[in-house]
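What follows is a short report on a single structure.
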Amino acid sequence: MKTALKNLFSTNPSQNFNSYIKKCASLLKNFSEKGLVTGGTVLHCHLHKKGIFSEKFIAIKLLIMYLDFRKLDEANEIVKEFNGFDLVVQNCLINANIQWGNLAEARRLFDQMPERNEVTWTMLISGLMKYGRLQESMWYFEMNPFKSVVSWTAGISGFVKNGSSFDGLKLFVRLLESGVKPNKVTFISVVSACIQTGDFALGMSVLGLIVKTGFEDNVSVCNSLITLCLRMREFDLARRVFDRMETRDVVSWTAILDMYVEKGDLGEARRIFDEMPERNEVSWSAIIARYSQSGDHLEALKLFRQMVQEGLKPTISCFSCILSTLASLEILRTGRNIHAHVKKIGLEGDVFIGSSLVDLYCKCGETKDGRLVFDSIEKKNVVSWNSMLGGYSMNGQMDEAKDLFDNMPTRNNVSWGAIISGYVEYKQFDKVFEVFNEMLLSGETPTKPTFSSVLCACASVASLEKGKDLHGKILKLGFHYDVYLGTALTDMYAKSGDIESSKQVFDRMPERNEFSWTVMIQGLAESGFAKESLTLFEEMKSCTSVSPNELMLLSVLFACSHCGLVDKGLQFFGAMESVYGIRPKGRHYTCVVDMLSRSGRLYEAEELINSMPFQPEANALAALLSGCKTYKNEEIAERTARKLGELAERNSAGFVLLSNIYASAGRWIDVSKIRKLMREKGLKKNSGCSWVEVRNHVYSFSSDDRTHSKSAEIYDILELLRSEMMAP
DNA sequence: GTAGGGTTAG
């Protein structure tokens, strides 16, 4: 900005007046577009000093600039110079009012004008279209005595932008009949109408017309043709159009970049991006968005920083994309900075940015901040509602989530999925099935992730019946080829005790990932097929590139423990850190302690506990104690019980185990002492629970309360049964 | 040739 101004100030206006004026005009336009208020004001002062201000050409540019900046006093000064009744000046004022949304004022100005021209009419037509007032706009269109190609195009593109492509195309036919020649802008709008209707044949006949009228060499028309081919997934044709273009602009390059992005060829897209002669915000947005979507959040963040460093202003979509990247990485600090920046430039209420901010705050656990942003979004859409709903749901605020869900203006399958996944995550399984059934009744088709969460619920309550039902629905939709759903089905069958079906689903999966192998190895181990589990683990290691994880190794240790392969188990345990790079957790130690204790290797078990770098789980001590009981080792039992007592001070599991051990030894006085201690400390044992399934509804029962809605009746019947049984 | 219509990303 500074250099441009300096250049201008150093040239003498009288030398080449016309080019000087042109330079001023283009600078003013530039300042206006980029919002550079200072630059504009400085140039205005300069022109005033030189006395060039009276040039109408310049004065209009200044007026537009001040209107853009909303500097009304300055704008009024200029209007006064013209006594206020110049046609062009009036047109500028009408346009400004339309941009600001003051349609009534724009119409008032229009009505009181002594004469109007083509531009006056067109501005009103396109202005009304912009605000979706199609009928009014068409009324003015028909009244317009001038009807140049620009007003025809304003009408066509207005329809297209409002999603009424068909009306747009009808208007285009009328244009052809009227004898007015369409121009490049008309064709661009018409092509975009073809894209919207998805009618490729129509697109091709428009292409024919474009060639016939000689617009096939126009850069912008070709750009829109490339987009048409892309949307119709005619990638080769798109590439051909691109290749035969003589000149290409940044839009052409971005369109072809988008083609590779669309094809999922991120490598080629990146190559194009690096080779592009020029890049703008949209090109950057395209590549950043794709890195973010494909999960390479760090690369997306890197590119975003680079973009800002190169002095480009991120667009709304770019902000929203980078906010969602930050959400995935859970980087709240940077997110808050961007939030502050977005607020400063007045974009906080934007629906895209707002929804991303809601998501960011919720993913970082700050639902309150998320709610504040949500409430500030001006025109909420279903995505914003879903972000807030998902936010509550993922943070376990199910009451808030349900409340929001019930009050949503519109729901889609993502909304249903969000609330269901919350119920699954927070183990309210009866709610899961209730809401899922409601969803099916409403006619909504569940998404793959939704099926996956409901299957997880089936696995958790071991409901084979529901699981099979879901399997059927998944087959019908052709979702069974999906890795995640295949894995979820494998897990569901294994956890519901149908290990054969589980293995069958696993074997038929066209593709397996780390999770698929994990659930199958775990399923086999926990269903008592220890040898098969170990064989599968070996198969995975030798045939795939999947590397063992924490859970798999736990299953492997569990399997070894259950088929008495103590030394093999110890070998795996030893290899965990050195070979697989996984530091053993408490549960791995517990499993090995259990394995040693069961086989009577009590001293080794005790030694392992003592060598642990952190506190053992209460279960590890209990396993050792139970081994001591089996192999009658009073000495170790004594020491272990003391340790368990110490542990019990801090955690209820220890207390429960200790009291169980006392109970099995018949030491009832100690048992009641412990129970009393637990009550005093406010520790509560998680009570056991069982359930029955009646007509698609799961009823759960627990020992310590009467939560069932019909518990009074149930107890009455129990009493009745008891008296029946006692009767002689 | 000062005011009005268009294409790329989400």
Side-chain angles (χ1 to χ4, degrees), chain A residues 18 21-22 24-25 28-29 55-64 67 82 86-96 98-99 116-127 129-130 141 144 146 148-161 175 182-193 195 215 218-228 230-231 242 248-259 261-262 273 276 279-290 292-293 314-324 350-353 355-356 383:
Chain A
N18 276 346
I21 291 288
K22 267 191 191 166
C24 290
L28 283 172
K29 197 174 168 212
E55 277 291 316
K56 186 174 177 185
F57 187 95
I58 290 295
I60 295 292
K61 291 277 184 199
L62 280 169
L63 173 60
I64 294 170
L67 289 172
F82 290 94
D86 182 86
L87 178 59
V88 178
V89 170
Q90 285 298 310
N91 280 348
C92 288
L93 290 176
I94 290 184
N95 190 40
I98 289 173
Q99 299 311 317
R116 308 174 185 108
N117 67 3
E118 159 67 18
V119 177
T120 326
W121 285 93
T122 314
M123 281 186 321
L124 210 60
I125 293 165
S126 78
M129 281 290 191
K130 187 180 163 192
F141 179 84
N144 176 10
F146 304 100
S148 76
V149 62
V150 179
S151 43
W152 281 100
T153 309
I156 295 170
S157 74
F159 277 126
V160 178
K161 275 190 203 145
L175 158 79
N183 67 10
K184 56 174 184 165
V185 182
T186 322
F187 279 121
I188 291 164
S189 307
V190 171
V191 169
S192 104
I195 292 172
F215 282 103
N218 181 275
V219 181
S220 303
V221 173
C222 283
N223 291 343
S224 69
L225 284 175
I226 293 177
T227 318
L228 173 71
L230 283 186
R231 295 289 165 267
F242 179 79
R248 306 179 185 103
D249 64 2
V250 63
V251 178
S252 338
W253 281 97
T254 308
I256 211 73
L257 168 72
D258 187 40
M259 181 180 91
V261 158
E262 191 73 23
F273 180 78
M276 282 165 76
R279 300 177 204 134
N280 67 7
E281 300 82 0
V282 181
S283 344
W284 282 92
S285 285
I287 196 96
I288 291 174
R290 199 41 70 133
S292 156
Q293 281 160 8
T315 57
I316 287 177
S317 76
C318 205
F319 272 128
S320 98
C321 170
I322 213 65
L323 283 169
S324 84
D350 177 80
V351 63
F352 285 99
I353 292 183
S355 307
S356 308
V383 178

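Letters A, B, ... are given to chains in the order of the sequence lines, protein chains preceding strands, and every chain is numbered from 1. Computed from a predicted model, the values in this text were never measured in an experiment.
Of all the heavy atoms in A:Glu281 and A:Thr315, the pair that sits closest is CB-CG2, 3.5 Å.
The closest side-chain donor-acceptor pair between A:Ser148 and A:Glu118 falls under 3.5 angstrom. For the residue pair A:Asn223/A:Ser220, the side-chain donor-acceptor check at 3.5 Å is not satisfied. Side-chain contact annotation: A:Thr186 with A:Thr153, donor-acceptor N/O pair under 3.5 Å present.
A 4.5 Å side-chain heavy-atom check between A:Asp258 and A:Ile226 finds every atom pair outside the cut-off.
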Base-contact (B) and sugar-phosphate-only (S) positions in nucleotides 3-8 of chain B, heavy-atom cut-off under 4.0 Å, - elsewhere:
BBBBBB
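Atom CD1 in A:Ile256 sits about 12 Å away from atom P in B:dA9, given to the nearest Å. Distance A:Met276 CE to B:dA9 P: 12 Å, rounded to the nearest Å.
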